[in-house]
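Only heavy atoms go into these numbers, but all of them, side chains included; no hydrogens, no water, no symmetry mates.
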Amino acid sequence: STKKIQIAIDGYSACGKSTLARALAKDLGYTYVDSGAMYRAVALFAMRRGLWDGDQFDLDKLREELEGVQVTFDPKTGHTLLNGEDVESEIRTLEVSRPASVVASYDFVRTMLVAQQRRLGEAGGIVMDGRDIGTVVFPEAELKIFLTATPEVRAQRRYDELRGKGDQTTTIDMVSADLKDRDYRDSHRAINPLRQAEDAVVIDNSVLSIDEQAAMALALARQREQK
Ligand code: CDP
Ligand code: CDP
């Protein structure tokens with residue numbers, strides 16, 4: 001017989017985690033949760049409230065106001081909702097990327113979002129992507145994938161993605177600098193840094209197509225579903 005498992009996908013920025021996680025969830029009939037979108041939405045909330053000075057957040061005010069932040073996902077579109085408002089396109093900009101990685105270094109923010117992420121996955125049948133899913137959120141996940149690709153490939157992918165969405169101003173150097181900055185912060189923060197789980201399967205997708213990486217992961221998932 002088969003069971004509905006937990007699947008954790010972690011790795012550096014813009015290597016294809018959410019593309020893989022979404023495809024897996026679709027093929028398996030599971031729920032997909034983009035944990036990075038939750039950090040991005042919290043950052044956007046705080047930026048709108050004027051709590052970001054371009055370098056850091058007003059910690060006391062953010063701590064106070066965090067209770068008023070609700071991040072959910074529209075079940076129909078999969079879009080990220082901030083207090084019910086669809087913020088999907090706004091959170092994906094380069095402008096929100098750095099503040100998102102700064103907000104993600106605060107313990108009180110992580111505590112709140114990790115608790116929420118665990119609730120979403122407690123019944124299994126979940127694919128979640130992020131930085132600490134296999135190490136902290138679901139340490140017992142039946143399948144953990146650590147996705148990597150070269151920095152050049154990742155920058156090109158994110159650049160193409162932004163272009164495709166009509167962004168005409170962001171250069172590839174800006175994208176590269178953002179990825180480098182966030183990779184460093186994500187791997188060096190004190191709380192739940194980006195780490196490869198000991199029992200993770202590492203997939204370097206630098207030369208893999210979207211379909212190839214999905215087929216590899218699906219085979220692993222089907223195998224782990226067998227009780
Ligand atoms: O979630 P993460 O930031 O890791 O990456 P993503 O948003 O899933 O993927 C970034 C871009 O890379 C997307 O435009 C994907 O279509 C593309 N991609 C690719 O070209 N080849 C792959 N094997 C995986 C992703
Ligand atoms: O798509 P991309 O790889 O650019 O980033 P993301 O997955 O949307 O995550 C945005 C930021 O949130 C990351 O740079 C991390 O700082 C943070 N994050 C995290 O700390 N823990 C997670 N589980 C997911 C994201």
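Taking the side chain as every heavy atom from C-beta outward, Ser97 and Leu94 approach each other to under 4.5 Å. Taking the side chain as every heavy atom from C-beta outward, Arg163 and Tyr159 approach each other to under 4.5 Å. Contact annotation: the side chain of Ile126 approaches that of Val33 to within less than 4.5 Å [non-hydrogen atoms, C-beta and beyond]. In this structure the side chain of Asp132 reaches within 4.5 angstrom of the side chain of Val114, judged on heavy atoms. At least one side-chain heavy atom of Arg110 sits less than 4.5 Å from a side-chain heavy atom of Arg189. Within the 4.5 Å cutoff, the side chain of Arg158 has no heavy atoms near those of the Ile172 side chain. Inter-residue side-chain proximity for Met112 and Glu67 is flagged as unmet; no heavy-atom pair is nearer than 4.5 Å. Between Phe146 and Leu194 the shortest side-chain heavy-atom distance falls below 4.5 Å.
For Gln223, the CD atom sits in a packed shell: over 12 heavy atoms of surrounding residues, nucleotides or ligands are nearer than 6.0 Å. A 6.0 Å sphere centred on OH of Tyr184 holds no more than 12 heavy atoms belonging to other residues, nucleotides or ligands. Other residues, nucleotides and ligands contribute at most 12 non-hydrogen atoms within 6.0 Å of the CD atom of Glu140. Heavy atoms of other residues, nucleotides or ligands lying less than 6.0 angstrom from OH of Tyr12 number 12 at most. Other residues, nucleotides and ligands contribute at most 12 non-hydrogen atoms within 6.0 Å of the CD atom of Gln70.
Note that the CG atom of Asp58 and the CG atom of Asp60 stand 6.0 Å from one another [nearest 0.5 Å]. Remark: Arg182 CZ to Arg131 CZ distance equals 6.0 Å, nearest 0.5 Å. Put simply, NZ on Lys17 and OG1 on Thr148 are 11.0 Å apart, with the number rounded to the nearest 0.5 Å. Within the model, atoms CZ of Arg195 and CG of Asp10 stand 12.0 Å from one another, a figure rounded to the nearest 0.5 Å. Separation of atoms OG (Ser105) and CG (Asp186) is listed at 9.0 Å; rounding is to 0.5 Å. Remark: Gln116 CD to Met38 CE distance equals 4.0 Å, nearest 0.5 Å.
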When you look at Phe45 and Glu65, which way does the side chain to side chain contact (heavy atoms under 4.5 Å, CB included) test go after all the steps?
-> CA-CA 10 Å; Phe45 169 87; Glu65 296 200 22; 3.9 Å; yes

I would like to know whether Asp27 and Arg22 meet side chain to side chain contact (heavy atoms under 4.5 Å, CB included); could you show each step before the answer?
-> CA-CA 9 Å; Asp27 287 341; Arg22 195 176 289 111; over 6 Å; no

Report the C-alpha separation of Glu90 and Arg48 in whole Å, then their side-chain angles, then the decisive distance to 0.1 Å, and conclude whether the salt bridge (charged side-chain N to carboxylate O under 4.0 Å, His left out) test is met.
-> CA-CA 11 Å; Glu90 220 175 319; Arg48 285 176 171 182; 2.9 Å; yes

Side chain to side chain contact (heavy atoms under 4.5 Å, CB included) evaluation trace for Tyr106 with Ile191 | CA-CA 8 Å; Tyr106 302 148; Ile191 310 110; over 6 Å; no

Applying side-chain hydrogen bond (donor to acceptor under 3.5 Å, both in side chains), run through Thr171 and Asp173 and close with a yes or a no.
-> CA-CA 5 Å; Thr171 64; Asp173 287 347; 5.3 Å; no

Val71 vs Val69, side chain to side chain contact (heavy atoms under 4.5 Å, CB included): CA-CA, chis, key distance, verdict = CA-CA 6 Å; Val71 185; Val69 187; 4.1 Å; yes

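Arg119 has no carboxylate O lying under 4.0 Å from a charged side-chain N of Glu122, or vice versa, which leaves the two without a salt bridge. Residues Arg40 and Asp34 are not paired through a salt bridge, judged by the lack of any N-O separation under 4.0 Å between the basic side chain and the carboxylate. A salt bridge is defined here as a Lys NZ or Arg NE, NH1 or NH2 lying under 4.0 Å from an Asp or Glu carboxylate O, and Arg92 with Glu88 meets this definition. Between Arg222 and Glu225 a salt bridge is recorded (basic side-chain N to carboxylate O distance below 4.0 Å). Ion pairing between Glu198 and Lys144 fails under the 4.0 Å rule for side-chain N and carboxylate O.
When only modelled atom types and interatomic distance are considered, Thr169 and Asp167 share a side-chain donor-acceptor pair under 3.5 Å. No hydrogens or angles considered: nothing links the side chains of Arg154 and Asn205 as a donor-acceptor pair under 3.5 Å. A donor-acceptor contact closer than 3.5 angstrom links the side chains of Arg185 and Ser101. Between Asp86 and His79, the side chains place a donor N or O and an acceptor N or O closer than 3.5 Å (distance only, hydrogens not considered). For the residue pair Ser209/Asp211, the side-chain donor-acceptor check at 3.5 Å is not satisfied.
Listed here is the closest heavy atom pair of Ala23 and Ala214: CB-CB, 4.3 Å. Contact between Ala149 and Ser206 at its shortest, heavy atoms only, is CA-OG, 3.2 Å. Closest approach of Phe73 and Gly78 over heavy atoms only: CD2-O, 3.9 Å. The two residues Phe138 and Gly121 have their closest heavy-atom pair at CZ-CA, 3.6 Å.
Taking hydrophobic clusters as Ile, Leu, Val, Met, Phe, Trp and Tyr residues chained together by side-chain heavy-atom distances below 4.5 Å, Ile133 does not share a cluster with Val202. By the criterion of side-chain heavy atoms lying less than 4.5 angstrom apart, applied directly or through intervening Ile, Leu, Val, Met, Phe, Trp or Tyr residues, Leu62 is grouped together with Leu44 in one hydrophobic cluster. When hydrophobic clusters are built by joining Ile, Leu, Val, Met, Phe, Trp and Tyr residues whose side-chain heavy atoms come closer than 4.5 Å, directly or via intermediates, Leu179 is not grouped with Val96. A single hydrophobic cluster is seen to contain both Leu66 and Tyr39, as judged by linkage of ILVMFWY side chains at heavy-atom distances under 4.5 Å, directly or through other members. Connection of Met47 to Leu113 is established within a shared hydrophobic cluster, with ILVMFWY side chains joined at heavy-atom distances below 4.5 Å, either directly or through further cluster members.
For Thr93 (side chain) and Ser89 (main-chain N/O), no donor-acceptor pair under 3.5 Å exists by modelled atom type. A donor-acceptor pair under 3.5 Å is absent between the side-chain atoms of Thr80 and the main chain of Ala37, judged by distance alone.
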Which donor-acceptor pairs under 3.5 Å do side chains of residues 50-57 form with protein atoms, sequence neighbours excluded?
{"from": "Asp53", "atom 1": "OD1", "to": "Asp55", "atom 2": "N", "distance (Å)": "2.8"}
{"from": "Asp53", "atom 1": "OD1", "to": "Gln56", "atom 2": "N", "distance (Å)": "2.7"}

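Using a 4.5 Å cut-off between side-chain heavy atoms of Ile, Leu, Val, Met, Phe, Trp and Tyr, Tyr30 falls into a hydrophobic cluster with Ile5, Ile7, Ile9, Leu20, Leu24, Leu28, Val127, Leu143, Ile145, Leu147, Val201, Ile203, Leu208, Met216, Leu218, Leu220. Through direct or indirect side-chain contacts shorter than 4.5 Å among Ile, Leu, Val, Met, Phe, Trp and Tyr, Val153 is connected to no other residue.
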